[in-house]
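To keep things clear, I will list the structure first and then write my remarks on it.
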Amino acid sequence: MGYTHYWIRENEIEQPIFDTIVEDFKKTLPRLPKLGDGFGENEPVFTMEIVIFNGYGGKESYETFGFNRNISGSDFCKTAQRPYDLAVTTFLIIAKHHLGDAITVSSDGDNDKWNEAKTLCQEILGYGQQFALPKG
């Protein structure tokens, strides 16, 4: 069950842009499954440098999602399509919206698997429906 989402980032993210990504993601939290910290307990972690979350509870969590403002390069998160997958795809749509070509997002799933996250972002944030995974 290694269903995975991938991203490649260039450079560190400027603080105001990172803050906007986090603020937009927090606006979506009421419509997302309950999230925990990296261990699937307590609350998700939001600092000025990093976002860390997982599904809440043993059966809802899988692999920790971490997005660090200062670390560029490639990263990924395996979700096994558990409910918090919606949070991961939502976050990545928000990041892509604000970072543009400075981030490339791909997935083991096709664009149809992202429809719920695209709709959620569009309804709450006014963008997201135009998000598309790269072809190939």
Side-chain angles (χ1 to χ4, degrees):
M1 296 294 157
Y3 185 77
T4 307
H5 303 295
Y6 311 86
W7 59 98
I8 302 171
R9 278 205 0 243
E10 302 171 9
N11 308 317
E12 72 178 42
I13 302 170
E14 294 177 19
Q15 191 69 56
I17 295 171
F18 186 80
D19 293 346
T20 301
I21 292 168
V22 173
E23 288 168 19
D24 279 2
F25 181 68
K26 285 181 175 180
K27 291 174 187 173
T28 69
L29 288 175
R31 299 259 308 269
L32 295 174
K34 183 168 175 59
L35 300 175
D37 59 20
F39 300 105
E41 303 169 351
N42 305 309
E43 297 293 322
V45 176
F46 299 105
T47 73
M48 292 181 68
E49 305 299 326
I50 196 165
V51 171
I52 298 172
F53 63 82
N54 203 329
Y56 187 83
K59 293 183 179 182
E60 301 296 316
S61 63
Y62 195 68
E63 185 174 282
T64 302
F65 176 85
F67 195 87
N68 192 313
R69 183 181 83 78
N70 295 314
I71 298 176
S72 58
S74 62
D75 209 343
F76 63 92
C77 180
K78 293 180 184 179
T79 66
Q81 294 183 308
R82 296 204 177 156
Y84 84 106
D85 183 79
L86 178 59
V88 173
T89 53
T90 297
F91 188 95
L92 291 172
I93 289 170
I94 293 167
K96 179 66 176 171
H97 175 79
H98 291 290
L99 297 173
D101 292 339
I103 187 170
T104 302
V105 176
S106 59
S107 177
D108 289 347
D110 59 19
N111 278 301
D112 289 344
K113 298 260 186 193
W114 290 63
N115 283 342
E116 188 176 2
K118 290 191 285 188
T119 299
L120 186 139
C121 287
Q122 190 68 45
E123 290 174 357
I124 295 172
L125 304 170
Y127 63 82
Q129 207 61 53
Q130 72 283 3
F131 174 86
L133 293 166
K135 294 180 181 177

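All values below were derived from every heavy atom in this structure, side-chain atoms included, with hydrogens, water molecules and symmetry-related copies excluded. The chain is numbered in sequence order, starting from 1.
- A pairwise comparison of heavy atoms in C121 and I93 identifies SG-CG2, 3.8 Å as the closest pair.
- Hydrophobic clustering keeps I21 apart from I50 (ILVMFWY residues linked when any side-chain heavy atoms are closer than 4.5 Å, directly or through intermediates).
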Quick one: do D110 and K113 satisfy salt bridge (charged side-chain N to carboxylate O under 4.0 Å, His left out)? Show the steps, please.
CA-CA 6 Å; D110 59 19; K113 298 260 186 193; over 6 Å; no

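- Taking CG of L86 as the reference point, atom CG of L32 lies at 5.0 Å (rounded to 0.5 Å).
- Two residues are said to be in side-chain contact when any heavy atoms from C-beta on lie closer than 4.5 Å; I71 and E12 fail this criterion.
- Y127 and H98 have perpendicular rings, their planes meeting at more than 60° on a 0 to 90° scale where under 30° would count as parallel.
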From CA spacing to verdict: salt bridge (charged side-chain N to carboxylate O under 4.0 Å, His left out), R69, E49
CA-CA 5 Å; R69 183 181 83 78; E49 305 299 326; 3.3 Å; yes

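- With values rounded to the nearest 0.5 angstrom, K78 atom NZ is found 6.5 Å from Y62 atom OH.
- Residues P44 and D37 form no side-chain contact, since every pair of their non-hydrogen atoms from C-beta on lies 4.5 Å or further apart.
- For the pair K59/R82, no side-chain contact is recorded, criterion being any heavy-atom separation below 4.5 Å from C-beta on.
- By the 4.5 Å heavy-atom criterion applied to side chains, E60 and P83 are counted as neighbours.
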Evaluate side-chain contact (heavy atoms from CB on, under 4.5 Å) for E116 paired with R31, printing each intermediate quantity in order.
CA-CA 11 Å; E116 188 176 2; R31 299 259 308 269; over 6 Å; no

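- Note on L125: it clusters hydrophobically with I17, by side-chain heavy-atom contacts below 4.5 Å among ILVMFWY residues.
- Within the 4.5 Å cutoff, no side-chain heavy atoms of F65 are placed close to those of F76.
- With 3.5 Å as the limit, one finds no donor-acceptor pair spanning the side chains of E63 and N54.
- Atom CZ of F25 sits about 15.0 Å away from atom OG1 of T20, to the nearest 0.5 Å.
- The side-chain hydrogen bond (donor to acceptor under 3.5 Å, both in side chains) test applied to D19 returns Q15, not counting sequence neighbours.
- Judged purely by atom type and a 3.5 angstrom limit, T79 has no side-chain atom pairing as donor or acceptor with the backbone of D85.
- Linking Ile, Leu, Val, Met, Phe, Trp and Tyr residues whenever their side-chain heavy atoms come within less than 4.5 Å places L35 and I124 in a single cluster.
- With ring centers used as reference points, F91 lies 6.0 Å or more from W7.
- Annotation for A117 and T90: closest pair CB-OG1, 3.6 Å, computed over non-hydrogen atoms.
- Clustering ILVMFWY residues whenever any of their side-chain heavy atoms sit less than 4.5 angstrom apart, transitively, puts F39 in a cluster other than the one holding Y56.
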V45 vs V51, side-chain contact (heavy atoms from CB on, under 4.5 Å): CA-CA, chis, key distance, verdict:
CA-CA 6 Å; V45 176; V51 171; over 6 Å; no

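- You'll find the side chain of K96 stays beyond 4.5 Å of the side chain of Q130, heavy atoms only.
- How far CD of E123 is from CD of Q129: 8.5 Å, rounded to the nearest 0.5 Å.
- Here the shortest heavy-atom pairing between S61 and G55 reads CB-O, 3.2 Å.
- A heavy-atom distance below 4.5 Å is found between the side chains of L120 and T28.
- For the pair C77/Y84, a side-chain contact is recorded, criterion being any heavy-atom separation below 4.5 Å from C-beta on.
- A salt bridge is defined here as a Lys NZ or Arg NE, NH1 or NH2 lying under 4.0 Å from an Asp or Glu carboxylate O, and K27 with D24 meets this definition.
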Sequence neighbours left out, cut at 3.5 Å: what donor-acceptor pairs do the side chains of residues 99-107 make with other protein atoms?
{"residue": "S107", "atom": "OG", "partner": "H5", "partner atom": "ND1", "Å": "2.8"}
{"residue": "S107", "atom": "OG", "partner": "G109", "partner atom": "N", "Å": "3.0"}
{"residue": "S107", "atom": "OG", "partner": "W114", "partner atom": "NE1", "Å": "3.4"}

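- Under a hydrophobic clustering in which Ile, Leu, Val, Met, Phe, Trp and Tyr are joined whenever their side-chain heavy atoms come within less than 4.5 Å, directly or via other members, I52 and L92 fall into different clusters.
- Nearest heavy-atom pair, A95 versus F67, reported as atom, atom and distance to 0.1 Å: CB-CZ, 4.1 Å.
- Here the CG atom belonging to D112 is positioned 7.0 Å from the NZ atom belonging to K118, to the nearest 0.5 angstrom.
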